[in-house]
Every structure is written in structure tokens, then in C-alpha cells.
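Quick notes on the structure that follows.
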2 protein chains.
Amino acid sequence: MYTALMSTSERLIESTRELLWERGYVGTSPKAILERAGAGQGSMYHHFKGKPDLALTAIRRTAEELRAAAERALGGPGTPYERIVAYLRRERAVLRGCPIGRLTMDPDVMANDELRAPVDETLTWIRDRIAGIVEEGKAQGQFAPELDGGEIGAAVLATVQGGYVLARAAGSPAAFDTAVSGLLTLLAPRTA
Amino acid sequence: MYTALMSTSERLIESTRELLWERGYVGTSPKAILERAGAGQGSMYHHFKGKPDLALTAIRRTAEELRAAAERALGGPGTPYERIVAYLRRERAVLRGCPIGRLTMDPDVMANDELRAPVDETLTWIRDRIAGIVEEGKAQGQFAPELDGGEIGAAVLATVQGGYVLARAAGSPAAFDTAVSGLLTLLAPRTA
DNA sequence: GTCTATACACAGATAGAC
DNA sequence: GTCTATCTGTGTATAGAC
């Protein structure tokens, strides 16, 4: 539960972000949000139109943070392969899953175009970002010319998203790392 | 909603399987199950101890079916690579997601060891099954000796699970196929 | 076995006092 | 802005009639 160091509205947003990550949209009730934020019913309906409106604000912020975190790895120094390694190996709370990807399994999020949009945009952006890096690598001769940037970008992001699934099922982050290692072996540049 | 061609208990199980697939565990209420099954409150509590008990029965059945479907592709004819292709390309209701994998994002399933067990066992089984096929391929010289069966198995299954995430986010099955194509390019045997 | 009736807490939202 | 009522429906389960 957040202290009074934040405004009520901020505490509501941050509490919602946490709960959406932990329990998804259908699993998160206004009551739970209010308790965590230390606010009363009135505050939430003063600052937001209701649960979907507050969730939208929370999701947008989380999406922006995720994009920034991905960019820190993908836009860092090194060869294209090294940047993809940095992305795949970056620090993650593996057992918590992806705060954006998990929303794709939420029926109420998927049924609401406004809520789905930031999810779609974020994953598409990461996919395309990786795709561009793969094309860079091809141009530099690090990757084989038969690789398709879009396909590899999708495969890399899918491995991450699926890695979360395997790790959560097993109750251990190891499965995530195993899947990543497998993909990286397959993607390794020819050490000509 | 199911007709009277099934027993009440069967209709309850099948309705639960559908709803767990569509809406997950937290998103599925006994009331919705009863409506779909065309049964009254009493029937459910006569045949099952409650929602978790009914869900466990439903999940176990779905897990068994998923394993069988995977085995039909993985245990089919062809080289190791071809069998993995068959698995990755098998007919799927992509936009519905994986009926087992999606449960890993359900907080109440993950918090209940009995409910999580069949999820874990199923995904582990598929992972290991693919791992063995990769080892076969290595023995036959189809795959490079530096590939680790366990890692590739995890990467293949993660691509599938993550492919569902990408497809659902985009609202189109194409993203799934794109990711699969990318992985298959990377995994393609050296056409020595 | 299946039904309806009942129970009580929670989900989501509104009203109006301070 | 924030709070405490208050409201209607739903979630999950039990009781007891048929």
C-alpha cells in the first residue's frame, strides 16, 4: 500500500498497475485498488470514470515503461546480435510474467478496443524494433541473408512471452532462461 | 449450451472447459457454467465439491487432450525436423489461445497447487517430448551437435505459447505463423 | 439427482455530506 | 477532493423440497 508521498490519483494508478500485473483485469476489483491505494470509493470516481478508465491509464503507463525498458537493451551498444542478447537476457521478474503480454489472456481487455490498443501497439513496436535490428545484422553480414527480420522479430518476442508461460507453469524462472538459450543458439551468428 | 445428449455431470465439465478457455478461472463463475450446461445450482454441488473441484476435473481433461494432440504431430511420420514442423504448423484455434498455457496467467490457478499441477505436467511433457526428438535429430546428423535438446524444446514450446500472445494482441492469427516461420528458419537442418 | 430458495459477501457504481 | 452511505446485481455456497 502506498503512502501519502503520492497524490491520491497517483496512488490509484500505481495500485492498479500492480494489481493488473498480479491478477489481470477481471481479477482486479475497485475495492482491492482502493484498499491498496488507501483511498475511499469517492476518490476513484472523482478522478476516473470507472474501472475501465482507470485501467486504461494504468495500462498506458505500463506500456510506455515496457517500451522504454526494451529500448534500453535494443538501442544499446554492440552488434545486432549482442543487442538482441541484451534484450533477451535483461533483468526480468520472470515469475511475475509480462505486465503487458498477460493482458492478452484477459477476456475483458480483449473485448475492449481501447484497452487492447496499447497492448497491441507495444508488442508490435517491440517486434518491429527487433526486426530492424535483424535487418541491420543482415546488412553487416552477421546474420544469414535468408533470415526475415519480421519473422525473427516475432520469434524472439514470442520466445520471451512464451518463456514467461513455461516459467510460471514450472514455478521457476529457469524455464525462461532455457528457452532463451535455445533461441540464442539457433540465432548465433556464423563465426566465419 | 449443451443439449441433453450428455449427462448433467458431463455437460458441467464441458461447459467449464469452454469457459476456462474463453475467460480463465477467475473470469468464470459457477452461474455462467450452470447456464451453459443448462443445469441448476444443486447439480453442480451434487457432482462436485465446488468451483475448484469442477475446474480441476475440466483442466485434467483438457490437459490430456492437449497432450494427445501434440503427440499426434510429434509422434507422426517423418524426420525429426518434419515432426517439429508438423507440431508447429498443426491446426490451431490461434485466437483462442492455448487452453492450458493461458491458465498460467490466472492468479487463482497458480495459487492452487492442485490446479497448477496438470498445467505444469502438460507443458513439461511437451517440452521433453520435443527435446527427445531434437536429440534424435542430432544422432541422425540432421541437427547440429551443439544444439541442446532441452533448450530447443523449451524454445519451440515458448514460440508456440508466445505466438498466441502476439496473435491475440494483434487480433490476427498471422502473428503466430510469422513467429513459427522465424523459428523454423533458424532450426532448418543444414542442407549439406 | 435435480430443483428452487436462501444466505452473505463482494463487484461496480451513484448520492450527497463535509 | 475525499469520505461514508446506499444500491443493484453477481459470486459462491448451503438447505431442503421433490
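First the proteins, then the strands, lettered A, B, ... as listed; each starts at 1. Only a predicted model underlies this, so the values are computations on that prediction, with no experimental measurement involved.
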Short side-chain N/O contact from A:His47 to OP1 or OP2 of D:dT2, under 4.0 Å: yes
Nucleotide D:dT12, atom P - distance to CG of B:Leu19 in whole Å: 12 Å
Whole angstrom value for the distance that separates P of C:dG1 from CG of B:Leu12: 13 Å
Integer-rounded Å distance: D:dT2 P and A:Arg11 CZ: 8 Å
Pairwise ring-ring contact (aromatic ring centres under 6.0 Å, His included) hits with a residue in residues 134-190 of chain B, at least two apart: B:Tyr164-B:Phe176
Per-nucleotide protein contact string for nucleotides 11-18 of chain C (B base, S sugar-phosphate only, - none; heavy atom under 4.0 Å): SSBB----
With sequence neighbours excluded, residues passing salt bridge (Lys or Arg N to Asp or Glu O under 4.0 Å) with A:Asp128: none
Interatomic distance, B:His46 NE2 vs D:dA15 P [rounded to whole Å]: 16 Å
Residues that A:Arg61 engages under salt bridge (Lys or Arg N to Asp or Glu O under 4.0 Å), provided they are two or more places apart: A:Glu10, A:Glu14
Integer-rounded Å distance: D:dT10 P and B:Ile33 CD1: 16 Å
With sequence neighbours excluded, residues passing salt bridge (Lys or Arg N to Asp or Glu O under 4.0 Å) with A:Arg23: B:Asp108
Contacts of type salt bridge (Lys or Arg N to Asp or Glu O under 4.0 Å), residue A:Glu114, not counting sequence neighbours: none
Under 4.0 angstrom between B:Thr8 side-chain N/O and C:dT2 OP1 or OP2: yes
Length of the CD-C1' vector between B:Glu35 and D:dT12, whole Å: 14 Å
Row check, A:Trp21 ring normal vs A:Arg102 NZ/CZ: under 6.0 Å, within 45°: no
